[in-house]
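To keep things clear, I will list the structure first and then write my remarks on it.
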Number of protein chains: 2
Amino acid sequence: MPPEEPSTRDKLLDAFETLLVTEGSRSATLDNVAGAAGVSKGGLLYHFHSKDDLVDAMLSRMQEMGERDIAAMRTAPQGPVDYYLETSVDSGSAFDRALIAAARIAQENDERAGNALASLREQWFAVLSEHLGDEALARTIQLIGDGLYFDDTSGFTHPQALEHVRDVLARLDF
Amino acid sequence: MPPEEPSTRDKLLDAFETLLVTEGSRSATLDNVAGAAGVSKGGLLYHFHSKDDLVDAMLSRMQEMGERDIAAMRTAPQGPVDYYLETSVDSGSAFDRALIAAARIAQENDERAGNALASLREQWFAVLSEHLGDEALARTIQLIGDGLYFDDTSGFTHPQALEHVRDVLARLDF
DNA sequence: GTCTATAGACAGATAGAC
DNA sequence: GTCTATCTGTCTATAGAC
């Protein structure tokens, strides 16, 4: 059977994330979100009683994807380090979009978003640290991942960045 | 003679930056900026005719500080690499605050801010690359700097991060 | 140079029709 | 489940007093 059309609820969450990522939090208004999802503001507010509600739902969806990502990282055939660095380059996946959207919300002084992201980061670090048995190296690799992510989401794109990082890490033989 | 009290104009720019950094772009309204600087909205609009004007002035001030920073990086006694990494940890300096504020503006799809930041980044990279004679290493160090900066400004603080990075870089003997 | 008052657009949210 | 109409507050910006 063909893939289902996403529910209106999911279309609204997608539109909210996309607006946050591409135009920033000031453009992610209820009006714009509803419009981008092809419904009216009243329609949006049937699914989410308030903007806070919309944020909560977005973060829940992100956390679910996060659990799956960390499980995938633990069992990745290329190993956790390469998996982590590869997925730090924005691939345009639904999870990437959710992470960037959550970061935008966190910047508006939102504790829920800040805590959700902090929790994910701790789990990524734990996997790197366990696998490498070297906290300093694990921290450095996470910083490189943060840098890749930051550059991508800020429009500072360097096509060879990942290649350069692999080159340098290869000199460290771990 | 004692240091001069900052002008109202500078107090307004400082307040704008601080609001952007601590509470995000949605809180950086003309009302809030004026209030934080201790003047009325009318007072603000005497100095800056529009919000766009305020952004332009903020970016100009940042670019001036950026030129001085790149000059300091070139002649730093500890060398450009260590200077760059140290100043990537948010020290709370006026320049750091301006950089973070500009990043917030850039995220709202503002080309001026995006271009100003991209230009600074290219100059930092050029100094690193010249000094090291190794593009891959220069890129990796810039990514680590971006990671340090991103973590600090997102509230993901790791007190030992800089120490860990130095530890790992020491293994690369360059 | 700084203020108050106000205009006009837009924000989040409610009520009720369909 | 989705719509329109509307309320209330806030946003940027203007006008004019002091």
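For the numbers below, each heavy atom of this structure counts, side chains included, while hydrogens, waters and symmetry mates do not. Lettering of chains follows the sequences in order, A, B, ..., and the numbering in each one begins at 1.
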Under 4.0 Å: is that the gap between some side-chain N or O of A:R26 and OP1 or OP2 of D:dT10?
no

For C:dT2, does either OP1 or OP2 sit under 4.0 Å from a side-chain N or O belonging to B:Y46?
no

Counting side-chain heavy atoms from C-beta on, which of C:dT2, D:dC11, C:dA13 comes nearest to B:H47?
C:dT2

B:D134/A:R171 salt bridge by N-O under 4.0 Å criterion:
yes

Which nucleotide in D:dT14, D:dT12, C:dA13 has an atom nearest any side-chain atom of A:K51
C:dA13

In this structure, how many angstroms lie between the P atom of D:dA13 and the CG atom of B:D52, rounded?
7 Å

For residues A:D69 and A:Y84, is any side-chain donor paired with an opposing acceptor at under 3.5 Å?
no

Would you indicate what B:S40 reaches in the nucleic acid, counting non-hydrogen atoms under 4.0 angstrom: base, sugar-phosphate, or nothing?
base

In whole angstroms, the gap separating C1' of C:dG12 from CG of A:D53 amounts to 13 Å

Check for a donor-acceptor pair, side chain of A:S129 on one end and backbone N or O of A:F125 on the other, with a separation under 3.5 Å.
no

Figure out the CZ/P separation between B:F48 and D:dT12, and round it to whole Å.
15 Å

Is the phosphate of C:dT2, meaning OP1 or OP2, less than 4.0 Å from a side-chain N or O of B:T8?
yes

Rounded to whole Å, please give me the gap between CG in B:L54 and C1' in D:dA13.
14 Å

Side-chain contact check for A:V39: nearest option of C:dT14, D:dC3, D:dA13 is D:dC3

Rounded to the nearest angstrom, tell me the gap between atom NZ in A:K41 and atom P in C:dA13.
10 Å

Between A:G38 and B:H49, which residue's closest nucleotide on DNA chain D lies nearer the 5′ terminus?
A:G38

What contact category does A:L45 fall into here, base, sugar-phosphate, or nothing, at under 4.0 angstrom with non-hydrogen atoms?
base

Which of these, B:L19, B:L20, B:V21, sits in a side chain to side chain contact (heavy atoms under 4.5 Å, CB included) with B:E23?
B:L19

To the nearest Å, how far apart are A:L30 CG and D:dT2 C1'?
16 Å

Is B:E108 salt-bridged to A:R26, cutoff N-O under 4.0 Å?
no

B:D31 has a side chain; which of D:dT4, D:dC11, C:dA11 sits nearest to it?
D:dC11

